[in-house]
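Below is one structure, written out as structure tokens; the observations come after it.
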Amino acid sequence: MRISVIGVGYLGAVHAAAMADLGHTVVGVDVDEAKIAALSEGRAPFFEPGLPGVLASALGSGRLSFTTDFAAVAGAQVHFVAVGTPQSAGSDAADLRFVDAAFASLLEHVAPGEVIVGKSTVPVGTAGRLAELVEERVPGATLAWNPEFLREGFAVQDTVSPDRLVYGVPAGPRGERAVRVLDEVYASAVAAGTPVVVTDYATAELVKVAANAFLATKISFINAMAEIAEVTGADVTQLADAIGHDARIGRRFLNAGVGFGGGCLPKDIRAFSARARELGHGESVRFLDEVDKINLRRRERVVELVREEAGGLEGVRVAVLGLAFKPHSDDIRDSPALDIAVRLAEGGAVVTATDPEAVPNARRRAPQLVYADSAMEAARDADIVVLITEWPEFRSLDPRELGDRVKVRTVIDGRNTLDPHTWRTAGWTYHGLGR
Ligand code: UDX
């Protein structure tokens, strides 16, 4: 099929490359010239395992191209809109500026019979509004909403082999045709038996925010238990293991620590709350405000622990291991790690931070921190080591070797990912969160 993808950020770049790799002919369009130039040369503008390989093979096949010229979408049978919906400045609501701009530019080049597919995470009701716009501007074109559930670090795999496909379509023959077109786009996943949920716009939009709200709630639930564990002497990791054996609960997303960050969960739960308030039903999801607060409290708890352990922050040398919001990513959007590092520095600590991939992004955002190339270098003469992003190279650090580097053998394990016994045996004072 001939496909256009509007917006080649995290979601769009991966989608464009993966669809071309699957055999479709794809053009990716974005207003950001630097991004288009990089992608055209086969360079991913962010770190994502597997993406460079897929990009190279898709570009090599001649089926993938990138441009800033919207006219290039003409002739595509399907147009995916994958632009960002960040948190608005000054409110919790989603900023739909990029979505509206993308639709305005796209509709100048869409022809009747073509299908426009929204992938961006939007407040419920947006697709209905945009469908009216499509009908007014290009009668005969159809809008579908097809939310994306990819995880950073596994983006290519999640795009090629999603665990479900959700199509929000209008009722009637136009909707049925959109379903056939989407089934053709995702032919390999559909053939592999991927569950397909065909529904209305509002449900499709809500599936995405509900999924993220559930995941965020699960994480904050276990972090709330961590707070209780801390004052009672209980161990939250054993608690998680024990309740996780109940198949109805499940062990995944029950890792207590510094909590969730990134470009999705934090802003999506806030936008969901804001939208519910607009609808006059803020109370239905008021618990999400609590989920957000529990999450942010965990970051402050780490700062507090450093203060307690080091007897204050002023002049304390802190080695911060990890800056990305999670391992296998260079994404620092709403990263607990960067937030904690900055708070420690603001409190007077001398912070040396490191991350296998995120240092360049962090340096731009927080030039006041000192950056190191490795954990061993960051730990030199440290009064305290704080592990925040659980990269494999940090999890496998040798506590004896690291111990020779530091001034004081104290470690705060912000992800409960180190083995306390091994570290204590090597002479370290070990602190997990909630244990
Ligand atoms: C998330 C959703 O998982 C994905 O489906 C959606 O499309 C986009 O948002 P992502 O932001 O890539 O994906 O990260 P995810 O793997 O969900 O982790 C989110 C955050 O939660 C990370 O900061 C992670 O460290 C944290 N987390 C995750 C925990 O603190 N504990 C856990 O048990 C799991």
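For the numbers below, each heavy atom of this structure counts, side chains included, while hydrogens, waters and symmetry mates do not. Each ligand, and each atom within it, is numbered from 1 in the order the structure gives.
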Quiz item: How does K218 reach ligand 1, by side chain, by backbone, by both or by neither, if only non-hydrogen atoms under 4.0 Å count?
Solution: neither
Practice problem: Decide salt bridge (charged side-chain N to carboxylate O under 4.0 Å, His left out) for R270 and D292; before the verdict, give the C-alpha distance in whole Å, the side-chain angles of both, and the deciding distance to 0.1 Å. | Solution: CA-CA 8 Å; R270 289 171 201 151; D292 199 11; 2.8 Å; yes
Quiz item: Taking the minimum heavy-atom distance to atom 21 (O) of ligand 1, which of F253, F260, F154 ranks first?
Solution: F260
Quiz item: atom 11 (O) of ligand 1: which of Y10, F149, F325 has the nearest heavy atom?
Solution: F325
Quiz prompt | Numbering as shown, the atoms of ligand 1 that approach L254 to under 4.0 Å (heavy-atom distance) | solution = 33 (O)
Quiz item: What protein heavy atom sits nearest atom 1 (C) of ligand 1, and how far off is it?
Solution: L265 CD2, 4.0 Å
Quiz item: Does any N or O in the side chain of E230 come within less than 3.5 Å of the main-chain N or O of G434, such that one atom is a donor and the other an acceptor?
Solution: yes
Self-check item: Shortest protein contact, atom 31 (N) of ligand 1 (heavy atom only)
Solution: N255 O, 3.0 Å
Quiz prompt | Protein contact of atom 2 (C) of ligand 1 - nearest heavy atom, named by residue and atom, plus distance | solution = N212 OD1, 3.7 Å
Exercise. Find all atoms of ligand 1 within a distance of less than 4.0 Å from any non-hydrogen atom belonging to L215, and give their numbers and elements.
Key: 3 (O)
Self-check item: Those atoms of ligand 1 less than 4.0 Å from some heavy atom in G259
Solution: 23 (O), 26 (C), 30 (O)
Quiz prompt | N or O contact, E390 vs ligand 1, cut-off under 3.5 Å | solution = no
Practice problem: Assess whether atom CG of D241 is packed by more than 12 heavy atoms of other residues, nucleotides or ligands within 6.0 Å. | Solution: yes
Quiz item: Among V81, V115, V117, which residue meets the side-chain contact (heavy atoms from CB on, under 4.5 Å) test with N146?
Solution: V117
Quiz prompt | Where ligand 1 meets E148 - atom numbers and elements under 4.0 angstrom, heavy-atom basis | solution = 7 (O)
Quiz item: Among protein heavy atoms, which lies nearest atom 12 (O) of ligand 1, and at what distance?
Solution: E152 N, 2.7 Å
Quiz item: Nearest 0.5 Å, what's the CG-CZ distance between L215 and F149?
Solution: 10.5 Å
Quiz prompt | atom 9 (O) of ligand 1 - nearest protein heavy atom and its distance | solution = C264 CB, 3.2 Å
Exercise. Closest by any non-hydrogen atom to atom 29 (C) of ligand 1: pick that one out of D334, I219, D158.
Key: I219
Quiz prompt | Shortest reach to atom 16 (O) of ligand 1 by a heavy atom, considering only R151, K326, R415 | solution = K326
Exercise. Determine whether any heavy atom of K208 lies closer than 4.0 Å to an atom of ligand 1.
Key: yes
Quiz prompt | G257 near ligand 1 by a heavy-atom separation under 4.0 Å | solution = no
Quiz item: Going from CD on Q87 to CZ on R333, what distance comes out if it is rounded to the nearest 0.5 angstrom?
Solution: 12.5 Å
Practice problem: Please determine if R129 and D100 form a salt bridge, counting it only when a charged side-chain N lies under 4.0 Å from a carboxylate O. | Solution: yes
Quiz prompt | More than 12 heavy atoms from other groups under 6.0 Å of CZ on F46 | solution = yes
Quiz prompt | Numbering as shown, the atoms of ligand 1 that approach L150 to under 4.0 Å (heavy-atom distance) | solution = 4 (C), 6 (C), 7 (O), 8 (C)
Self-check item: Nearest-0.5 Å distance that lies between atom CZ in R299 and atom CG in D339
Solution: 4.5 Å
Quiz item: About how many Å separate NE2 of H431 and CD of E308, when rounded to the nearest 0.5 Å?
Solution: 8.0 Å
Quiz item: Is it true that a side-chain atom of S120 and a backbone atom of T85 form a donor plus acceptor pair closer than 3.5 Å?
Solution: no
